[in-house]
Structures are given as C-alpha cells and as structure tokens.
Amino acid sequence: MAKESTLTTSDRMQDLLLESPGFPEFLLGLATLSASLLGSDGPVTCTITVERDGGLSTVASSSEEGRRLDETQYSYGEGPCLTALRQHRLVWVPDLLGDERWSGYAEAAAREGIRSVLAVPIPSDASSRAGLNCYAKTINAFDEETVVLLEQYAASMSRVLRIALRLHGADVHPEHLRAALKSRAIVDAAVSLIMLQHRGGRDGALEILRLAAKSSNRKIHAIAHDIVQGAELPAPHDGGG
C-alpha cells in the first residue's frame, strides 16, 4: 500500500480541481488518484457512488470494470458499497466469499474476480449521499492502515468535492464518464509511445507531456491526441537545462 500524508493528498486534489478541463474529468481523476494510493498485492479499482433523489449512479471510476461492478450492486439493491453509503459507516470485506452478507452480489462480484472490498462514506450535503468504493482481486487486500488512510482521504475528498460542485454543478451523466475514460485512454496511449521512443518510465513520459503542454499552452489531452494520430513526439527536455 502506498503511504501518503493527508495534506499531500489534499493538495493533489486541489491541483486536480484546478487543472481538470471539466467536472467529469475531475471526478475521474479523483477515482484514479484513490486507486493509486491503495496499491496492494494487485491492482485496485476505485469508484465514487452518489445517491440523489432515490437514484444511484457511479459518477467516477478508475476503470470501466469498476463501473460494471457498481452497476451489478445496484441491480441487487444491496452490497458493501450501498451499505457504507446508506448507513454512513465504513464497510471492510477481507474476503467476499467468506462473508455471509449480500450473498447474491458477493457471488456475482466473485465471478468478476473480485475478492476484497473496502467502502467508505464521503460526507456530503443533506440532498445526497456519496461513497468511495475500492475493489481488489486478492483476499485481505486492505489492511488496518489502509482503512485509516481511506477514512482520512474521504474527509479530504468531501471538502474538495463540495468546492467542485459549486464550480461545476452537480450533473454528471454516464456518457460523460465514458468520454472521460476514453480521454484518459488516449493519454495512456501517448505515454506508452513516449516510453518506447525515449526508453524511459511512465513518470518521465508524463513529465514530458506536462512540459510540452506548458510550453505550447495546450491541454495534455490535445497533445496526446496528436501523438496518437502520428504527430512528432515531444523532446525529453523543455528547451534546455
């Protein structure tokens, strides 16, 4: 599990809010940041669920798989994430198949390869309820330190989400989420091309993209799109040094 202070994480959330082109991209970034913080023996998928006016929706997911897992839970009308959201308490499931609650959903999620779930409510206003959901494909993927980190993270997320809602409004539709996921896929493809060209790591490739965006005063996604379409790759350094 990655270790990171709440202050540092809060700063990253604020940077994300300032740099994201829209609300769907900001929410997607929150889910992706959550997944990056909660590394275990394998990859972790994170989603954000909102219940408003009796309706449930996944407003952000770090992967398409996460959205499907949430929607499976909605179809059963019960599960660890809905329990966390509705009862406003953390739900920690070390092994879905060893847990007797939500048996129908547990079996369905296990068929998708999911074995551990960690869900925590996100403090919100009186008109809605929200929760952060984390899925892993190994048993006992989350330890006590992860639980503490996630509760602190949800508190920080609550503050930034309220600011974001005031700036962008509350409407996020599934097609917006899918568009944001597609946008991220384009950036990932460009990063892979840069890594191959310069024989470097992912962090270095992302830094090259950031420097190119800064020097050209363009969005990272626009530059990534050009690269995927065959444009010349940016240089490893921003003009010298």
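What's counted below: heavy atoms across the whole structure, side chains too, no hydrogens, waters or symmetry copies.
Checked for salt-bridge contact, Lys137 and Glu65 meet the test: a charged N lies under 4.0 Å from a carboxylate O. Comment: Glu71 engages Arg67 in a salt bridge, judged by a side-chain N to carboxylate O separation of less than 4.0 angstrom.
Val147 and Ile48 fall within the same hydrophobic cluster, defined by Ile, Leu, Val, Met, Phe, Trp and Tyr side-chain heavy atoms under 4.5 Å apart, directly or through other members. A continuous path of ILVMFWY side-chain contacts below 4.5 Å connects Ile122 to Leu90, so both sit in one hydrophobic cluster.
No donor-acceptor pair under 3.5 Å is formed between the side chain of Ser103 and the backbone N or O of Glu100. Judged by distance alone, with hydrogens and angles left aside, the side-chain atoms of Ser62 form a donor-acceptor pair with the main-chain N or O of Cys46 at under 3.5 Å. Formation of a donor-acceptor pair under 3.5 Å by the Trp92 side chain with backbone atoms of Val120 is not found in this model. Not one N or O on the side chain of Glu51 forms a donor-acceptor pair closer than 3.5 Å with the backbone of Ala130.
Judged by distance alone, the side chains of Ser61 and Asp70 never bring a donor and an acceptor atom under 3.5 Å apart. At a cut-off of 3.5 Å, with distance as the only test, a side-chain donor of Tyr74 or Thr49 sits close to an acceptor on the other residue.
Heavy atoms only, all atoms of each residue included: Ala136 and Val44 are closest at CB-CG2, 4.4 Å. Closest approach of Pro80 and Val117 over heavy atoms only: CG-CG1, 3.7 Å. Closest non-hydrogen pair, Val91 versus Ala84, comes out as CG2-N, 3.7 Å. Contact between Ser116 and Asn140 at its shortest, heavy atoms only, is OG-N, 3.2 Å. When every heavy atom of Arg101 is checked against every heavy atom of Asp99, the shortest pair comes out as NH2-OD2, 2.7 Å. The two residues Ala110 and Leu97 make their nearest non-hydrogen contact at CB-CD2, 3.6 Å.
Counting only heavy atoms from C-beta outward, the side chains of Arg89 and Thr83 approach each other to under 4.5 Å. Looking at Thr47 and Tyr135, their side chains come closer than 4.5 Å, going by heavy atoms from C-beta outward. Residues Leu82 and Gln73 have side chains in contact (heavy-atom distance under 4.5 Å, counting atoms from C-beta outward).
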**Prompt:** side-chain contact (heavy atoms from CB on, under 4.5 Å) between Thr146 and Leu118: does it pass, once the steps are laid out?
**Reply:** CA-CA 9 Å; Thr146 308; Leu118 183 59; 4.0 Å; yes
